[in-house]
Amino acid sequence: MAENLQLRQRIRELEQVEKERDHFQAALRRSEENVRLFVTYTPGAVAMFDRDMRYILASRQWQVDFGLKDGEIIGRSHYEIFPDIPEHWRAVHRRCLAGASESNDEEPFPRSDGSVDWVSWKIFPWHTTSGEIGGIMLFTEVVTKRKQLEDALRMQAKTLLELSTPIVPISQGVLVLPLVGVLDAARAEQMMESLLGKVVERQARVAIIDVTGVPRIDAGSASALLQVARAVRLLGAQVILTGIRPEVSRAIVGLDIELAGIVTRRDLQSGIAFATAAGSAAAATPPP
């Protein structure tokens with residue numbers, strides 16, 4: 001009798017264990033299905049690989065971005081599908097399979113048709129329940145349009161800087177640089193680069209910098225003007241500063257800025273007249 005009771009108890013325990021195992025397996029299947037559905041339909045380009053770089057999962061967006069047909073990649077090697085993957089990419093995969101995590105915000109990705117896309121990517125390992133590395137996850141985003149927009153904006157900014165520092169040759173050896181708007185560090189650097197290039201190109205003897213359109217001059221902008229003037233003088237050209245308004249003049253005095261060696265005139269017309277007269281005097285002076 002006691003043995004029968006023990007046997008029935010053992011059977012109930014085994015049935016309970018089997019029931020819990022079935023429950024666990026069902027939960028695991030649901031979890032795996034949820035992961036598969038999440039990865040498949042996530043709006044990002046995501047792929048999951050095993051240690052041999054065989055596809056376990058891939059999102060629809062991954063297949064769209066890389067020109068793959070639905071269902072053709074699971075179980076296949078990434079290197080079989082993309083045999084032309086460069087060695088540096090394979091090295092990244094090896095490092096991540098060894099435990100590293102890597103990313104890049106912008107990397108060129110050559111297409112089979114000869115075009116080049118720009119891709120942002122992140123790679124990191126995934127782990128099994130025992131804690132071992134089971135493979136890697138790869139997240140990518142095609143950022144070609146964003147990069148093209150950023151490049152276009154940079155070109156526009158460069159063009160605007162160039163337009164904001166126009167250099168006008170008004171006579172033989174005389175250049176005029178009319179400044180309009182705020183003079184900041186970036187614009188001062190562009191101004192110096194453009195003006196020095198023109199002085200050398202045209203062998204100018206006078207460079208007139210007109211600040212009539214500059215609303216205010218602070219310590220930073222005044223220092224930038226002086227740096228430009230000194231650089232021009234090192235090339236052997238005379239600098240004439242014109243258009244200094246009374247409030248700007250007071251600001252320069254208040255900042256205790258030394259303008260020695262720089263000719264100043266009230267307006268651009270006076271500066272041009274001075275440059276013309278100086279040029280005539282130089283031409284009339286006989287050589288020794």
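Numbering starts at 1 and runs along the sequence shown. All figures in this text were calculated on a predicted structure; none of them were measured in a lab.
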Side chains of [X] and [Y]: does their closest heavy-atom pair fall under 4.5 Å?
X: Ile81; Y: Ile73; result: yes
X: Asp117; Y: Phe66; result: no
X: Arg265; Y: Val263; result: yes
X: Glu132; Y: His127; result: no
X: Trp89; Y: Trp121; result: yes
X: Leu177; Y: Ile208; result: no

Legend entry - Phe139 with Ile56, same ILVMFWY side-chain cluster at under 4.5 Å: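 Yes, one cluster joins them.
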Legend entry - Hphob cluster co-occupancy, Val119 + Val143, side-chain heavy atoms under 4.5 angstrom: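 No.
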Inset, instruction - Verify, without hydrogens or angle tests, whether Asp52 (side chain) and Arg54 (backbone) share a donor-acceptor contact under 3.5 angstrom. - result: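 Here the side-chain-to-backbone pair does not exist.
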Inset, instruction - Mark yes or no for whether Thr264, through its side chain, and Leu241, through its backbone, hold a donor-acceptor pair below 3.5 Å. - result: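 Checked: no pair found.
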I need the [X] [atom1] to [Y] [atom2] distance, nearest 0.5 Å.
X: Ile167; Y: Glu201; atom1: CD1; atom2: CD; value: 9.5 Å
X: Ile240; Y: Ile272; atom1: CD1; atom2: CD1; value: 9.5 Å
X: Met48; Y: Leu57; atom1: CE; atom2: CG; value: 6.0 Å
X: Glu102; Y: Ile123; atom1: CD; atom2: CD1; value: 7.0 Å
X: Leu226; Y: Arg230; atom1: CG; atom2: CZ; value: 5.0 Å
X: Gln172; Y: Arg202; atom1: CD; atom2: CZ; value: 8.5 Å

Inset, instruction - Please determine, by modelled atom types, if Asp210 and Thr242 share a side-chain donor-acceptor pair under 3.5 angstrom. - result: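 Yes, a side-chain donor-acceptor pair sits under 3.5 Å.
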Inset, instruction - Indicate whether any N or O donor in one side chain lies under 3.5 Å from an N or O acceptor in the other, for Glu141 and Trp118. - result: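 Checked: Glu141/Trp118 side chains show no N/O donor-acceptor pair below 3.5 Å.
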Inset, instruction - Give a yes or no on whether the ring-centroid distance for His93 and Tyr79 is below 6.0 angstrom. - result: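 Between Tyr79 and His93, which both carry aromatic rings, the centre distance is below 6.0 Å.
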Legend entry - Trace of the salt bridge (Lys or Arg N to Asp or Glu O under 4.0 Å) decision for Glu87 with Arg94: CA-CA 10 Å; Glu87 175 56 29; Arg94 289 194 295 270; 2.5 Å; yes
Smallest separation among heavy atoms of [X] and [Y], with atom names:
X: Pro125; Y: Ala100; answer: CD-O, 3.2 Å
X: Ile85; Y: Arg90; answer: O-NE, 3.2 Å
X: Ala45; Y: Asp65; answer: CB-OD2, 3.6 Å
X: Ile133; Y: Ala98; answer: CD1-C, 3.9 Å
X: Thr212; Y: Gly243; answer: OG1-CA, 3.3 Å
X: Ala207; Y: Leu195; answer: CB-CD1, 4.3 Å

Inset, instruction - I would like to know whether Val232 and Leu196 meet side chain to side chain contact (heavy atoms under 4.5 Å, CB included); could you show each step before the answer? - result: CA-CA 6 Å; Val232 171; Leu196 295 181; 3.9 Å; yes
Legend entry - Plane angle bin for Phe49 and Tyr55 - parallel if under 30°, tilted between 30 and 60°, otherwise perpendicular: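 Ring orientation, 0 to 90° scale: tilted.
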Inset, instruction - Could you check Leu179 against Ile209 for side chain to side chain contact (heavy atoms under 4.5 Å, CB included), going step by step and ending with a plain yes or no? - result: CA-CA 7 Å; Leu179 296 178; Ile209 302 176; 3.9 Å; yes
Legend entry - Verdict with reasoning, Val64 to Gln61, per side chain to side chain contact (heavy atoms under 4.5 Å, CB included): CA-CA 5 Å; Val64 170; Gln61 191 61 48; 4.1 Å; yes
Inset, instruction - Please check if atom CZ in Arg266 has more than 12 non-hydrogen atoms from other residues, nucleotides or ligands closer than 6.0 Å. - result: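 Counting neighbours around CZ of Arg266, 12 or fewer heavy atoms of other residues, nucleotides or ligands fall under 6.0 Å, so no.
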Legend entry - NZ/Lys122: more than 12 non-hydrogen atoms of other groups inside 6.0 Å: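 Not buried by this count: 12 neighbours or fewer within 6.0 Å.
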Inset, instruction - For the pair Val46 and Leu138, evaluate side chain to side chain contact (heavy atoms under 4.5 Å, CB included) and give the outcome as yes or no after the intermediate values. - result: CA-CA 6 Å; Val46 185; Leu138 205 164; over 6 Å; no
Legend entry - Which residues share a salt bridge (charged side-chain N to carboxylate O under 4.0 Å, His left out) with Asp105, sequence neighbours left out: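 Residues passing salt bridge (charged side-chain N to carboxylate O under 4.0 Å, His left out) with Asp105: none at all.
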